[in-house]
Visitor: 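Take this structure, written in structure tokens, and hold onto it; I'll ask about it next.
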Amino acid sequence: MSTSPQNKTPWRAFWSLSIIQSMNSLNEKGVQFMLIALGIWMAKELQYPLSILIVLPFVLFSPLAGWLADRYCKTRLLQAMVLLQVVVLAGMTAGLFLHSLWITVGFFTVFCVQAMFFSPAKKGLVKDIVGSENIGFASGILEITSMLALLLGQIGALFIVYSLLKRWGAAAGWEAAAWPCAVCMCGAVLVFVLSLFIPRFRPEGTRPFTWSLLWEHFVQLRMLWRVPVLRNSEIGIGYFWFIAGTMMLIALQMAAEAHPVVSSADFMQVLGQQKDSALLIAWISGGSILGGVLASVICAGRIRTWVATVGGVGMTVGCLLLALIPYGTPYFLATLSLTGFMAAGYLVPLNALLQDRADNDKRGDVIAAGNLVDCFLGIMSVVVQAGMKAVGLSPQMQCGVLALTSAAMAVFIFRNTRSLS
């Protein structure tokens with residue numbers, strides 16, 4: 001076991017890690033939206049309980065996940081989680097072919113727990129593989145490939161289920177979800193084989209297991225909060241996930257208002273609206289991917305925090321324009337992409353800064369605490385958007401509110417990170 005990359009081409013290990021985490025994200029988002037589509041077919045609203053299931057493990061078990069990533073070999077933990085993904089997808093596939101929603105959702109719950117343990121191991125490996133001098137570029141690429149995978153999983157799942165139902169008939173809902181899930185399982189097997197070639201690094205954490213790890217959330221948060229650079233970086237990162245979640249819900253509301261469903265009993269009509277929603281989100285995500293690539297290139301060799309400030313200003317302008325431009329026009333779609341472009345540029349240097357400045361023996365704990373904050377703000381995005389909708393704010397007015405909060409965050413990031421550039 002080595003303490004630093006010994007391969008002549010260490011980037012090979014990093015690109016392998018990128019593929020592994022991308023497939024994990026694609027499979028998780030893909031099966032989530034397959035289940036959402038199945039729920040629509042069954043006249044059940046599964047999107048809300050599934051969204052809670054994704055977040056809940058991070059809230060419950062973040063300290064344990066961080067401790068494992070610090071105490072044991074991150075590569076071994078990563079490999080174990082990828083293998084668990086194969087088992088979970090096999091179980092979900094069996095549940096779908098057996099027409100059992102309980103079995104399918106039960107295995108999806110295990111998938112959510114797997115994703116929670118996977119996260120600190122994956123992020124903690126980045127610095128081990130590429131070092132501090134390349135972490136800005138590497139962290140950005142990891143985020144971008146994850147965004148692309150989430151986008152492909154979301155849109156791909158809805159499109160595939162929709163297409164299979166058109167071919168096989170509206171009665172084939174279980175099979176239309178089962179076969180894509182089986183394909184995801186086969187892909188996960190190949191990814192597990194790839195994970196066996198990731199180099200191992202000696203863990204630097206020495207703390208023994210204690211049962212208090214099951215409720216040490218505030219200890220991890222205090223560790224994160226007492227270091228100004230980590231605290232400020234995480235505040236910025238958390239805001240990204242807040243605005244991302246809020247913008248996704250606003251986009252869904254826009255699509256629903258623009259394409260009202262006449263009869264909820266018409267499954268194909270409802271699923272068609274879901275397709276429109278996914279395509280609308282694709283404009284945001286497409287811009288995010290391009291913005292993340294550019295920010296990663298700019299931060300290659302050095303973390304440049306001014307990129308986050310520029311991204312914050314861009315998010316402010318984008319949200320303001322979305323509040324003013326009529327929905328559905330080419331200018332509106334271009335502005336969606338612009339907003340996603342700037343948001344990704346805002347995120348990349350902050351993520352790199354958090355991973356780089358955390359102590360090596362505490363990096364897993366810091367990342368786990370950050371995940372906890374991100375999940376909390378993700379929940380807040382649901383509450384805030386639902387509140388704005390409940391009080392009668394139109395989607396355009398909601399974008400105006402986000403413009404104000406983004407402006408405040410841009411000022412915060414500028415004041416607290418400018419000396420770190």
Side-chain angles (χ1 to χ4, degrees), residues 14 18 123 126-127 130-148 224-244 246-247 284-322 334-359 363 366-367 370 373-374 377 399 402-421:
F14 170 74
S18 298
K123 291 183 178 180
V126 177
K127 186 177 180 180
V130 304
S132 293
E133 65 276 9
N134 293 310
I135 195 170
F137 173 78
S139 178
I141 292 299
L142 211 64
E143 290 299 327
I144 299 322
T145 52
S146 180
M147 287 181 189
L148 179 60
L224 172 68
W225 231 245
R226 69 186 180 189
V227 182
V229 63
L230 299 180
R231 178 181 66 242
N232 296 334
S233 298
E234 178 51 41
I235 289 173
I237 294 168
Y239 180 74
F240 171 86
W241 293 111
F242 170 81
I243 193 173
T246 307
M247 281 300 304
I284 306 175
S285 301
S288 298
I289 292 166
L290 294 176
V293 170
L294 179 59
S296 299
V297 171
I298 293 174
C299 291
R302 180 183 176 187
I303 301 172
R304 305 180 190 278
T305 56
W306 61 263
V307 176
T309 301
V310 173
V313 174
M315 283 194 300
T316 302
V317 174
C319 290
L320 183 59
L321 291 175
L322 289 173
T335 304
L336 274 178
S337 291
L338 172 66
T339 306
F341 180 90
M342 290 297 184
Y346 159 89
L347 175 66
V348 165
L350 297 177
N351 239 330
L353 198 63
L354 181 74
Q355 295 174 38
D356 184 51
R357 296 301 179 89
D359 293 338
R363 199 182 313 147
V366 169
I367 291 172
V373 174
D374 297 342
L377 288 174
C399 289
L402 291 183
L404 294 175
T405 58
S406 296
M409 185 54 61
V411 172
F412 175 84
I413 293 299
F414 173 74
R415 292 184 60 182
N416 290 281
T417 64
R418 56 182 172 177
S419 62
L420 302 173
S421 295

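As the structure is a prediction and not an experimental result, all values here were calculated from the model. Just so it is clear, the values below take in all heavy atoms, side chains as well, and ignore hydrogens, waters and symmetry mates.
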Visitor: Please list, chain by chain and in numerical order, all residues satisfying side-chain hydrogen bond (donor to acceptor under 3.5 Å, both in side chains) with Ser285, sequence neighbours excluded.
Guide: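 Scan of Ser285 (side-chain hydrogen bond (donor to acceptor under 3.5 Å, both in side chains), adjacent residues dropped) gives none.
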
Visitor: To the nearest 0.5 Å, tell me how far Asn351 CG sits from Glu234 CD.
Guide: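 One finds 8.5 Å between CG of Asn351 and CD of Glu234.
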
Visitor: Does Gln355 form a side-chain contact (heavy atoms from CB on, under 4.5 Å) with Val366? I'd like the steps, not just the answer.
Guide: CA-CA 8 Å; Gln355 295 174 38; Val366 169; over 6 Å; no

Visitor: Examine distances only and state if a side-chain atom of Ser296 and a backbone atom of Ile141 form a donor-acceptor pair shorter than 3.5 Å.
Guide: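 Yes; at least one donor-acceptor contact below 3.5 Å.
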
Visitor: Indicate yes or no: at least one non-hydrogen side-chain atom of Leu402 is less than 4.5 angstrom from one of Phe242.
Guide: yes

Visitor: Please report the interatomic distance CG(Leu354) to CZ(Arg231), rounded to the nearest 0.5 Å.
Guide: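 With rounding to 0.5 Å, CG (Leu354) is 12.5 Å from CZ (Arg231).
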
Visitor: To the nearest 0.5 Å, how far apart are CD1 in Ile413 and CD1 in Ile235?
Guide: 8.0 Å

Visitor: Counting only N and O atoms by type, is there a donor-acceptor contact under 3.5 Å from the side chain of Asn232 to the main-chain atoms of Pro228?
Guide: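 Yes, the answer is positive, given that a donor and an acceptor are paired below the 3.5 Å cut-off.
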
Visitor: Where is the tightest heavy-atom contact between Ser139 and Ala352, given as atom of each residue plus distance?
Guide: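 Nearest heavy atoms, Ser139 then Ala352: OG-N, 3.7 Å.
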
Visitor: So do the side chains of Leu294 and Phe341 get within less than 4.5 Å of each other, counting heavy atoms only?
Guide: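 A side-chain contact under 4.5 Å exists here.
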
Visitor: How many angstroms lie between CD1 in Ile243 and OG1 in Thr316, if you round to the nearest 0.5 Å?
Guide: 7.5 Å

Visitor: Closest approach of Ser18 and Leu142, non-hydrogen atoms and distance?
Guide: OG-CD1, 3.6 Å

Visitor: With heavy-atom distances below 4.5 Å as the criterion, would you say the side chains of Arg357 and Val227 are in contact?
Guide: no

Visitor: Side chain of Arg304, backbone of Ile298: donor and acceptor closer than 3.5 Å?
Guide: yes

Visitor: Mind listing the closest non-hydrogen atom pair of Met315 and Met342 along with its distance?
Guide: N-CB, 3.7 Å

Visitor: Is any side-chain heavy atom of Leu347 closer than 4.5 Å to one of Phe240?
Guide: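 Of all side-chain heavy-atom pairs linking Leu347 with Phe240, at least one is under 4.5 Å.
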
Visitor: Hey, does Met409 have a side-chain heavy atom less than 4.5 Å from the side chain of Thr405?
Guide: no

Visitor: Rounded to the nearest 0.5 Å, what separates atom OG1 in Thr305 from atom CG in Asn416?
Guide: 10.5 Å

Visitor: Once salt bridge (charged side-chain N to carboxylate O under 4.0 Å, His left out) is applied, do any residues pair with Asp356, and if so which ones, sequence neighbours excluded?
Guide: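 Scan of Asp356 (salt bridge (charged side-chain N to carboxylate O under 4.0 Å, His left out), adjacent residues dropped) gives Lys127.
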
Visitor: Mind listing the closest non-hydrogen atom pair of Ala344 and Gly292 along with its distance?
Guide: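 Looking at all heavy atoms of both residues, the shortest contact is CB-N, 3.5 Å.
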
Visitor: List the steps, then state whether side-chain contact (heavy atoms from CB on, under 4.5 Å) holds for Val130 with Phe14.
Guide: CA-CA 7 Å; Val130 304; Phe14 170 74; 4.1 Å; yes

Visitor: Distance-only, no hydrogens or angles: does the Tyr346 side chain make a donor-acceptor pair with backbone N or O of Gly236 under 3.5 Å?
Guide: yes

Visitor: Rounded to the nearest 0.5 Å, what separates atom OG in Ser288 from atom CG in Leu148?
Guide: 11.0 Å

Visitor: Measure the shortest side-chain to side-chain distance between Val348 and Val307 over non-hydrogen atoms and say whether it is less than 4.5 angstrom.
Guide: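 Side chain of Val348 against side chain of Val307, heavy atoms only: no contact under 4.5 Å found.
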
Visitor: Determine whether Ile284 and Thr339 make a side-chain contact, defined as any pair of heavy atoms from C-beta on separated by less than 4.5 Å.
Guide: no

Visitor: I'd like to know if the side chain of Tyr239 reaches the main chain of Ser406, judged simply by a donor and an acceptor atom lying under 3.5 Å from each other, with no hydrogens or angles considered.
Guide: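 It does hold such a pair.
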
Visitor: Compare all side-chain heavy atoms of Leu336 with those of Met247 and state whether any distance is below 4.5 angstrom.
Guide: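 Yes. Closest side-chain heavy atoms under 4.5 Å.
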
